[in-house]
Amino acid sequence: MSGMETSEGRQVVTLEQFIIERQADFEFASGELSHLLRDVGLASRIINREVNKAGLVDILGITGKENVHGEEVKKLDAFAHQELINALSRGGECSILASEEHDDIIPVTSATGKYVVLFDPLDGSSNIDVNVTIGTIFSVYRRTNTSKDIGDLREEVLKPGNQQVAAGYVVYGSSTMLVYTTGNGVNGFTLDPSIGEFLLSHPDMRIPERGKYYSTNQGYYHLFQDGMKQFLAHLQEEDKATGRPYSLRYIGTLVADVHRTLLYGGIFMYPATRKAPDGKLRLMYECNPMAYLIEQAGGKASDGFGRIMDIKPTELHQRVPLFIGSAGAVDTAESFLKKGPEFS
Ligand code: P6P
């Protein structure tokens, strides 16, 4: 992989260089997906700029609007949503968009692009005001028809995750990283703010076979299925041979919790509860893209009973339970859930 030489003589590879040089790996290597990924990279740099100065200008606080789920939309959410719409519409590679912040699909009328992009523009926005890591998640499908009929357009969006052609996230934390896959492994790029470029910092990311962290909101323990309670007890038992007990880490931003799981191994869980039998996380623009990334890095993603990416979607904003991380841990979680699916 050729790169740019810095003044200190170091070879660095920018996101753009990497995308172009890896283009041949991609089945539909025609350049459009490369342009699309660059469009996402541009939008995320603009969002990053606003996230970093959010505490300094009056962009915090509530817009007074609610999103389709009745949740207050903070200004940064709305800004990130609009930036992604602008970048992806202008880029011309996408003809259909969908966002957590918009109730229906968004046909890009001007473009005849071959791609569909679904995104959560600012995941974890409830953490914005306390300066905790937040993120952007995106999922890319290739169009299979050229119809402009809204019914057909909806069909183009509601595809199982196993038909994704690309997926990724941006994590706005102590540094800003973009992590993505096009089906040939996972690569991570760290933003160098001094030059405004994402530089290859984590080539060929692989999730550890086993980690030492589990991640879930224990506050809902009393609402969990019996099998989930038994799995947590299993993780907390002392057993050096299987690296137990695990430690609990929970940030409350999916992107941050899954990013840590990708780097350190272990398991993240947002399970069903008695009050929310489908869990909280969205299949199309949270669970599917994260599942694609983690599977490409050697891990697994399940709804507790089966593979996330095999779920046939019925609604754009549908929720599913999520168990994602090191393959062994996800398999063990499934074995407990299957023995104890009931809430008692
Ligand atoms: P809870 C953030 O609001 C989010 O959508 C995900 O990023 C995160 O994993 C989850 O909700 C946290 O939910 O119920 O634990 O606050």
Side-chain angles (χ1 to χ4, degrees), residues 67-71 98-105 116-121 123-124 135-141 154-155 157-164 167-169 181 214-217 220 223-229 231-232 250 252-259 261-262 267-296 299-327 329-338 340-343:
N67 67 16
V68 294
H69 320 296
E71 297 157 346
S99 166
E100 179 174 45
E101 300 302 334
H102 198 281
D103 57 350
D104 202 350
I105 63 170
V116 178
V117 181
L118 302 96
F119 53 84
D120 181 355
D123 169 58
T136 297
I137 312 170
F138 63 92
S139 172
V140 185
Y141 292 83
R154 284 202 189 100
E155 273 304 305
V157 174
L158 295 179
K159 291 174 178 168
N162 56 37
Q163 292 183 28
Q164 291 174 99
Y169 60 78
T181 184
Y214 77 95
S215 184
T216 196
N217 186 334
Y220 304 138
L223 300 171
F224 286 159
Q225 291 148 300
D226 292 349
M228 176 67 185
K229 292 177 181 175
F231 180 52
L232 293 179
Y250 193 70
T253 296
L254 175 68
V255 170
D257 282 316
V258 172
H259 184 64
T261 304
L262 171 56
I267 187 167
F268 169 84
M269 299 170 278
Y270 205 106
T273 66
R274 194 173 334 112
K275 285 185 179 171
D278 292 330
K280 175 182 182 183
L281 302 177
R282 312 292 181 173
L283 172 62
M284 296 308 293
Y285 41 79
E286 290 179 329
C287 299
N288 270 333
M290 289 310 196
Y292 191 20
L293 284 160
I294 290 293
E295 286 199 7
Q296 281 288 311
K300 280 193 171 183
S302 166
D303 64 358
F305 300 90
R307 188 182 182 224
I308 286 283
M309 292 212 289
D310 290 341
I311 296 173
K312 175 74 182 91
T314 53
E315 296 294 329
L316 178 59
H317 298 289
Q318 77 184 72
R319 303 172 194 264
V320 291
L322 179 64
F323 296 76
I324 189 168
S326 301
V330 174
D331 287 341
T332 306
E334 278 193 353
S335 66
F336 278 95
L337 264 288
K338 286 171 180 171
E342 59 286 336
F343 300 98

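One-based numbering along the sequence shown.
- Leu262 has its side chain out of reach of Leu293: every pair of non-hydrogen atoms, C-beta onward, lies at least 4.5 Å apart.
- Ring geometry for Tyr250 versus Phe268: interplanar angle under 30°, hence parallel rather than tilted (30 to 60°).
- Between Ile311 atom CD1 and Ser302 atom OG the span is 8.0 Å, to the nearest 0.5 Å.
- Of the possible polar contacts, one joining the Thr136 side chain to the Pro121 backbone as a donor-acceptor pair under 3.5 Å is found.
- The OH atom of Tyr169 sits 14.0 Å away from the CD atom of Glu286 when rounded to the nearest 0.5 Å.
- Distance check, rounded to the nearest 0.5 Å: CD1 of Ile324 to OH of Tyr270 gives 15.5 Å.
- A distance of 4.5 Å separates CG of Asp226 from CD of Glu342, quoted to the nearest 0.5 Å.
- Thr261 contributes no side-chain N or O that, together with a main-chain N or O of Gly325, makes up a donor-acceptor pair within less than 3.5 Å.
- Contact between Met284 and Leu316 at its shortest, heavy atoms only, is CG-O, 3.5 Å.
- Crowding of Lys275 atom NZ: a count of heavy atoms from other residues, nucleotides or ligands under 6.0 Å not exceeding 12.
- Looking only at side-chain heavy atoms (C-beta outward), Asp120 and Arg282 stay at 4.5 Å or farther from each other.
- No side-chain donor-acceptor contact under 3.5 Å links Thr253 to the backbone of Val255.
- Under 4.0 Å is where a charged nitrogen must lie from a carboxylate oxygen, and between Arg307 and Glu295 at least one such pair does.
- For the side-chain contact (heavy atoms from CB on, under 4.5 Å) with Leu322, the lone residue among Asp303, Leu254, Leu283 that qualifies is Leu254.
- Of all non-hydrogen atoms in Ala329 and Ile267, the two that sit nearest each other are O-CD1, 3.8 Å.
- Side chains of Gln318 and Pro313 form a contact here, defined as non-hydrogen atoms less than 4.5 Å apart.
- Side chains of Tyr214 and Met269 form a contact here, defined as non-hydrogen atoms less than 4.5 Å apart.
- The backbone N or O of Lys159 lies less than 3.5 Å from a partner atom in the side chain of Tyr141, making a donor-acceptor pair.
- Between Met290 atom CE and His259 atom NE2 the span is 10.0 Å, to the nearest 0.5 Å.
- Put simply, the side chain of Leu223 does not reach to within 4.5 Å of the side chain of Phe343, judged on heavy atoms.
- Taking 4.5 Å as the limit, every side-chain heavy atom of Tyr292 sits out of range of all side-chain heavy atoms of Ser139.
- The closest donor-acceptor contact from the side chain of Asp257 to the backbone of Gly252 lies under 3.5 Å.
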Evaluation steps, side chain to side chain contact (heavy atoms under 4.5 Å, CB included), between Leu232 and Thr216: CA-CA 10 Å; Leu232 293 179; Thr216 196; 4.2 Å; yes
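- Using a 4.5 Å heavy-atom threshold, the side chains of Leu118 and Val157 count as touching.
- Atom CD of Glu155 is surrounded by 12 or fewer heavy atoms from other residues, nucleotides or ligands within 6.0 Å.
- The line from OG1 of Thr273 to CZ of Phe224 is 8.0 Å long, rounded to the nearest 0.5 Å.
- The nearest pair of heavy atoms linking Gly340 to Gln225 is O-CB, 3.6 Å.
- Listed by chain and number, the residues in a side chain to side chain donor-acceptor pair (under 3.5 Å) with Asp103 amount to none (sequence neighbours excluded).
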Evaluation steps, side chain to side chain contact (heavy atoms under 4.5 Å, CB included), between Asn288 and Met309: CA-CA 6 Å; Asn288 270 333; Met309 292 212 289; 4.0 Å; yes
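- Residues Pro321 and Ala272 come closest through the heavy atom pair CB-N, 3.7 Å.
- Pairs engaging residues 313-326 under the salt bridge (charged side-chain N to carboxylate O under 4.0 Å, His left out) rule: none recorded [sequence neighbours left out].
- At least one donor-acceptor pair closer than 3.5 Å links the side chain of His317 to the backbone N or O of His102.
- The shortest distance between side-chain heavy atoms of Met228 and Phe323 falls below 4.5 Å.
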